[in-house]
A.B. asks: 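Would you mind keeping the following structure in view while I ask a few things?
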Amino acid sequence: MEEEQASLLSDAQLVVAVGRFREDALAEVYRRHGGAIYGLARRVTGDGAEAEDVVQEVILRLWSRPDAFDPSRGSLRSFLLAQSHGRAVDAVRSRAARQRREGREVPTPSGYDIEHQVWDLVLADQVAKAISSLPEEERAPIELAYFGGHTYREVAVLLSQPEGTVKSRIRSGLRKMRGVLADSGVSG
Amino acid sequence: MSDDTVHDEVESLLGAYALDAVDDDERALVESHLEGCPRCRAEVDAFMEVAAALGNSIDPVPPELWARIGGRLDLSAPGDATLLEIRAKARQQIAGFAPRRVGAGATAVAARWQRRAMVAAAAAAAVALALVSLSLSNANSRVDQLQALAAARGAGAAAQAALADPAHRLVELRGPGGAQLATVVVSPSGTGYLLASHFAPLPGTQTYQLWARIDSRPISLGLLGPRPARDAAFTVGTAASALLVTVEPAGGTVRPSGSPVAVGPVTA
C-alpha cells in the first residue's frame, strides 16, 4: 500500500500518522526535531549519554501517547522541547539527590557567565536579543532555572534573593520576552 | 484556600512552572488549577513558547540513536503481541480505499467506487469489532481524537467528519517553489474539502480552478473563486492521481490555460 511520504506531511499530520503506528512518521519526527531535543537535553544535563536517554524517552512517549500533543496549544517543536527540558531537569535533580545521599558534595553551578555567553552564540538572533533586552535581575533567574535546571527556590539561594522576588522576576521576564519575540515574529 | 487564593498563588508560579522550576507539590497545584482556568492556561502556553524559543537550537541529530529508538518501538506500543495485528488491520482498512486508475466512464467509476466503499465499510466494521474484542479500542479512538485535533483550527462539520474517518486522504497542494498553499481532505466516499488555503487573492476578473489528474488528463472539479474559502466542497472521486489548481478567467475554462499554481499528489 502506498502511504503519503512522511517527509511531505506537516508536523500535525505526522503526529496523526504516528497515531496510526507509522514508524516512518516517527522517524521523520526524529529527523526534524531530534537534534533540537538532544541539544537542549545536553545543555541542561551537560552529559551526552543522559541527553541521548532523554531523546529516546521523548520520542518513545510520542509513539505511545501521541494524543498528548495538542496542536492548538503550540508547535510540535515546542511540545517536544518542553518534554526534553522536563526530563533533562529530572535527570539533573535525581543526580543531585543521589550525590547528596551518597554524602558527596553537589557541585554548585560554576561558570554561569561563561555558560550564558556560549548560549548566546547558538540562540537565534531574535531570541538572543529578547533575553539580552532583560534587566540582569530578570535574566539571571530565568537562565539559572532554565539552563541550570534549578527550582526557583534554589535560584533564590544562589542569588541570595527572597523566593517571592525570584518567582515574580521570572514571570515578568518571560512576559517581556514574549512581547519582544511576538514583535519579531518568533512566537506569539 | 479559597478559589481566588489558589488562583493568585498559581498565577505567581506560572513563570517558574513553564521553566520546570517548581517542586512536585507546586507542579501538582498548578496543573490541577490549569484544567479549569483558561486564563492561566493561556499564560502558561505563551511562556512555554518562550521557553521553547530559548531551548531551540540547530544541533544535528545524534547518529546511531535512531537505531536504538527504532528497536524499542514495539515494546512501548500498547501490548506487544497485539500491536502488529492492529497495525495490519489498520493498513488493510485503509488499503480498501486505495485509489486506482480507472479508464472507464464516470458511471462505471461511481459504481466501482460504491462497491469498494461497501467492502471497505464492512472491513472497517470488522476492524472496529476486532479492536473492541481486544480491549484496545482506545488505540482507535486516539486516532479519531488526533484527527479532530489536527483539524481543530476551525474546519467545518463535514470536513471534520471526513477527518475523523481513518480512511480519509490528505492532499497537500504546493506551489512550484514548494510552499504549501492548501490542504484538502478527501473523505472515503470521494468528497473533498478545502481545509486551509493560503492562495493570494485574485482580482475579480480571475478565479482559481481546481482540477483532478485522471489518466494523465486534467478534469475540472470546479471553480474555487478569486479567494478560495475554507470548507469549499467538491467531488474528487477515487481515480484522481493528483489535484491541481490553475488561475483562469472568472468563468473558468474547459482545460487549463497555463501551468498549475499548485499541485498535490493523491495517495492512500
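Each chain gets a letter, A, B and so on, in the order its sequence line appears, and its residues count up from 1. Just the heavy atoms: all of them, side chains too, but no hydrogens, waters or symmetry mates, feed the values below.
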A.B. asks: So for A:Arg31, is it side chain, backbone, both, or neither that comes closer than 4.5 Å to the heavy atoms of chain B?
C.D. replies: backbone
A.B. asks: Is A:Ile59 close to chain B through its backbone or its side chain, or both, or neither, when contacts mean heavy atoms under 4.5 Å?
C.D. replies: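 Side chain only.
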A.B. asks: Measure A:Ile37 against the heavy atoms of chain B and call it side chain, backbone, both or neither at under 4.5 Å.
C.D. replies: neither
A.B. asks: Provide the full list of ring pair (Phe, Tyr, Trp, His ring centres under 6.0 Å) pairs with a residue in residues 5-50 of chain B, sequence neighbours left out, each pair given once.
C.D. replies: B:His7-B:His33
A.B. asks: Which one wins on heavy-atom pair count under 4.5 Å against chain B: A:Val44, A:Ile142, A:Leu26?
C.D. replies: A:Leu26
A.B. asks: Heavy-atom pairs under 4.5 Å with chain B: which of A:Arg93, A:His33, A:Arg61, A:Arg42 has the most?
C.D. replies: A:Arg93
A.B. asks: Does a salt bridge link A:Arg87 with A:Asp90, judged by any charged N lying under 4.0 Å from a carboxylate O?
C.D. replies: no
A.B. asks: To the nearest 0.5 Å, what is the distance between CG on B:Asp45 and CZ on A:Arg178?
C.D. replies: 10.5 Å
A.B. asks: Side chain, backbone, both or neither: which part of A:Ala51 has a non-hydrogen atom closer than 4.5 Å to chain B?
C.D. replies: neither
A.B. asks: Heavy-atom cut-off 4.5 Å, strictly under: side chain, backbone, both or neither for A:Tyr38 against chain B?
C.D. replies: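 Side chain of A:Tyr38 only, per the 4.5 Å heavy-atom cut-off to chain B.
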A.B. asks: Which residues pass the side chain to side chain contact (heavy atoms under 4.5 Å, CB included) test with B:Ala262, not counting sequence neighbours?
C.D. replies: B:Leu173, B:Leu181, B:Phe199, B:Val245
A.B. asks: What distance separates A:Arg169 CZ from A:Leu174 CG, expressed to the nearest 0.5 Å?
C.D. replies: 14.0 Å
A.B. asks: If you count heavy-atom pairs within less than 4.5 Å of chain B, which of A:Ser168, A:Ala82, A:Ala27, A:Gly86 leads?
C.D. replies: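 Of the candidates given, the most pairs with chain B belong to A:Ala27.
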A.B. asks: Less than 4.0 Å between a side-chain N and a carboxylate O, is that true for A:Arg153 and B:Glu26?
C.D. replies: yes
A.B. asks: Between A:Asp67 and A:Arg65, does at least one N-O distance fall below 4.0 Å, as a salt bridge requires?
C.D. replies: yes
A.B. asks: Heavy-atom distances under 4.5 Å only: say whether A:Leu9 touches chain B with side chain, backbone, both or neither.
C.D. replies: neither
A.B. asks: Sort A:Asp53 into side chain, backbone, both or neither according to what part of it lies under 4.5 angstrom from a heavy atom of chain B.
C.D. replies: both
A.B. asks: Go through A:Arg73, A:Lys167, A:Glu52, A:Met177 and name the one with the most non-hydrogen pairs under 4.5 angstrom from chain B.
C.D. replies: A:Arg73
A.B. asks: So that I can tick it off, tell me whether B:Arg68 and B:Glu64 are bridged by a salt bridge, with the cut-off set at under 4.0 angstrom between side-chain N and carboxylate O.
C.D. replies: no
